[in-house]
Amino acid sequence: MAANGERSELQTVLRELARGLEKGVALARIYNDPEIFEAEKERIFARTYGYLAHESEIPNPGDYVVRYIADDSFIVIRDAQGQIRVLFNACSHRGMPLCRAERGRATSFVCPYHGWTFNSAGELIGVPAEQEGYGGRLDRSAWGLKPAPRVEIYDGLIFACLDPDAPSLREYLGGMAWYLDLLTKRSAAGLEVIGAPHRWVIDTNWKLPAENFISDAYHTLMTHHTMVELGLAPPDPKFAMYGFHVQAGEGHGLGIIGPPPHISLPPYWGYPEEIVRSLQQNYPSAAHVEVARRTNFLHGTIFPNLSILNVMLLKDPGSPPTPMLTVRLWRPLSPEKTEVWSWFLVERDAPSWFKDLSYQTYVHTFGTSGVFEQDDAEVWCGITRAARGKMARRFWLNLQLGMHLRPDPTWPGPGTAYPLDYAEANERAFLRAWCRYMLEERPKASRRRSSRRRS
Amino acid sequence: MVVVTEHLEQEVSRFLIKEAELLDNHAYEEWLSLLTPDVRYIVPVQVTQEQGVPSRPTSGMAHLDEDYTSLEMRVRRLKSARAWAENPPSRTRHFVTNVRVEPGDREGELKVRSNVLLWRSRGDEPHADLLSAERHDLLRRVEGQWKIAQRVVILDQAVVNTRSLSVIL
Ligand code: FES
Ligand SMILES: [Fe+2]
């Protein structure tokens, strides 16, 4: 059968790629291939944890935002009791989306098609002509809005997973949770999202930005050369080399960068003293404080498509170096289209002058118009285009950067840390995890829970 | 207070057309000279909300939130051969229409609203990006010349359909 033929061709490509990764090469076609993309939706996005929202975006009962996991739309709402719910945004009667705003506050949702009404917990509370139409036989309790199979929250970050057999989020994050704590536990008050996310569409395959953030410090020297020219980044084009390249397991990873030699940069990303004091008190371990002390730039990706960036930059050449934090989701739309969702976050109890400065630093450097981000988009569009044709089917890309490096045994955090951030080890690990999912092998953590294999 | 005459309306329209020409010709330094030193340039993020919820300015986030210093920085960046987002440069065309002029709150100032349609084409890709917006400008007369003291660009989309806002609306 044709379908089986296609499937086995895909398996062959994936096995070939898995072998290639051992030698540090990857096949370009994975960045623009309709068949691979369809398989990703099933095998990656329907089985991994997808990031939806931060608790601070829906502070009050009834507050909701509409978010996506690949094609699926969810209402993320704080119900009347204050509990966070993730409800599939489709009426349980005939499937009409109930919520067509991006955000708002609601005590109930009325379907525009036949008027079925649901409360903020997703329960069916109203059915027009119920007696006449259903003769009293409709079991309302069976027809509430469908919740996402798994919903979990880590320090305010709300995730959902479409696979009911998935491991817990904590288990899924593995060593990455330790590093996430560097960002989420600086203050007892936690983080807050400022405003709405930036949303825009880039003609790129989703993996290119995900891999860029997990691994690619190397590109800053060329892609972001203008940042050094303008003085928004340290006056050394290779500034992003001087750090640790950390594989945090299960396809997650990050880079943690300090000052270049002979350049002194403020410790703790340059956070104001209030936040430095609070992180010293709130971090879960002394090792966190020690790592944070020598950090100015942190970039990473939580497999598959949530990236984090916590970096000290200048909002303009005349301003002081200022840290900013963004999380960004690379939502797959097609093999060559990705919707970017980029949120700006800051410690809830940070001084207001700092919140303003950090916001401006974010808007000027990242997000839709960011002077860093603009140039990244150009590169990712280009690679996606190059991967479209027949040449890409046999075109092996070089992922060998840093293959000579040995892990640093003294690194205080979990995972494997290489003592130079100019490495592609994280990219290789990301693609190895990607291959495992695509070959439908469950990652270690979840195999314990479920030995069931899909046919 | 300024009295808005037909002549003044024409003068403002000509000013906006001239500005658009500078942008489309990538004459960004000349464009900077049309701004006051205390200029604010803001492109708020649009958020789709239920009818009746005030639509702006509620998103609390902006695609661009600039002052003169940051705009000058963006212009300086565009001159670098390594500003890849605009090298090769985008071909842009600003279509400016529906110019509405009202007196400003202060002497020598005008509130001007205009609609803008921006065509952006990059490289040899056949499709182009089209952005539509309403601009709310504050113009100020400085030494006999109109200058832009403030611009708020209200985009007509929640999800921006261009790879980056490296162009000025
Ligand atoms: S589809 Fe919602 S009430 Fe019928
Ligand atoms: Fe980059």
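Protein chains get the first letters and strands the later ones, always in sequence-line order, with residue 1 at the start of each. We use all heavy atoms of the structure for the numbers below, so side chains are in, but hydrogens, waters and symmetry mates are not.
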- prompt: How far apart are the C-alpha atoms of A:Glu339 and B:Val159, what are their side-chain angles, what is the distance that settles it, and do they pass the side-chain contact (heavy atoms from CB on, under 4.5 Å) test?
  reply: CA-CA 8 Å; A:Glu339 183 190 336; B:Val159 182; 4.1 Å; yes
- request: Kindly determine whether A:Glu378 and B:Arg122 satisfy salt bridge (charged side-chain N to carboxylate O under 4.0 Å, His left out), including the steps that lead there.
  value: CA-CA 10 Å; A:Glu378 198 65 18; B:Arg122 289 200 55 65; 2.8 Å; yes
- prompt: Given the rule in the side-chain contact (heavy atoms from CB on, under 4.5 Å) test, do B:His127 and A:Asp203 qualify, once you have shown the distances and angles that lead to the verdict?
  reply: CA-CA 12 Å; B:His127 71 267; A:Asp203 292 341; 3.5 Å; yes
field: Verdict with reasoning, B:Arg76 to A:Glu229, per side-chain contact (heavy atoms from CB on, under 4.5 Å)
entry: CA-CA 10 Å; B:Arg76 193 140 35 97; A:Glu229 289 171 30; over 6 Å; no
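Rounded to the nearest 0.5 Å, atoms OG (B:Ser70) and CG (A:Leu314) are 13.0 Å apart. Here the OG-CE distance, from A:Ser319 to B:Met73, works out to 9.0 Å after rounding to the nearest 0.5 Å. A distance of 7.5 Å separates CG of A:Leu230 from OG of B:Ser80, quoted to the nearest 0.5 Å. Taking CG from B:Asp67 and NE2 from A:His364, the interatomic distance works out to 6.0 Å, rounded to the nearest 0.5 Å.
Counting only distance, with no hydrogens or angles, the side chain of A:Trp200 and the backbone of B:Arg163 share a donor-acceptor pair below 3.5 Å. Side-chain atoms of A:Asp375 come within 3.5 Å of backbone atoms of B:Trp84 as a donor-acceptor pair (strictly under, hydrogens ignored). Judged purely by atom type and a 3.5 angstrom limit, A:Ser369 uses its side chain to pair as donor or acceptor with the backbone of B:His63. A:His225 contributes no side-chain N or O that, together with a main-chain N or O of B:Ala81, makes up a donor-acceptor pair within less than 3.5 Å. Remark: the backbone N or O of B:Ala62 is paired with a side-chain donor or acceptor of A:His198 at under 3.5 angstrom.
Between chain A and the residues B:Gln51, B:Glu72, B:Glu86, B:Glu125, the most heavy-atom pairs under 4.5 angstrom are made by B:Glu125. Most heavy-atom pairs under 4.5 Å with chain B, from the set A:Thr223, A:Thr204, A:Ile202: that is A:Thr223. Your options are B:Asp129, B:Val43, B:Thr162, B:Val45, and the one with the most heavy-atom pairs under 4.5 Å with chain A is B:Thr162.
Neither the backbone nor the side chain of A:Glu373 comes within contact range of chain B; no heavy atom of the residue lies under 4.5 Å from a heavy atom of that chain. Of the atoms belonging to A:Met222, heavy atoms from both backbone and side chain fall under 4.5 Å from chain B. Of the atoms belonging to A:Phe366, not a single heavy atom falls under 4.5 Å from chain B. Using a 4.5 Å cut-off between heavy atoms, B:Glu66 contacts chain A through both its backbone and its side chain.
Residues B:Gly60 and A:Ile194 approach most closely at O-CG2, 4.0 Å, considering heavy atoms. Counting all heavy atoms, side chain and backbone alike, A:Gln374 lies closest to B:Leu165 at NE2-O, 3.8 Å. When all heavy atoms of B:Val47 and A:Arg103 are compared, the pair lying nearest together is CG1-CG, 3.7 Å. Summarising the geometry of A:Val363 relative to B:Asp65, their closest heavy-atom pair is CG1-N, 3.8 Å, with the distance given to 0.1 Å.
For B:Thr48 and A:Glu102, the side-chain atoms include at least one donor-acceptor pair closer than 3.5 Å. Using modelled atom types, one finds a donor on one side chain and an acceptor on the other under 3.5 Å when comparing B:Arg77 with A:Thr226.
Atom CE of A:Met96 sits in a crowded spot, with more than 12 heavy atoms from other residues, nucleotides or ligands closer than 6.0 Å. Enclosure of atom NZ in B:Lys147 by more than 12 non-hydrogen atoms of other residues, nucleotides or ligands within 6.0 angstrom is indicated.
Ion pairing of A:Arg385 with B:Asp124 is present here, as a side-chain N (NZ or NE/NH1/NH2) and a carboxylate O approach within less than 4.0 Å.
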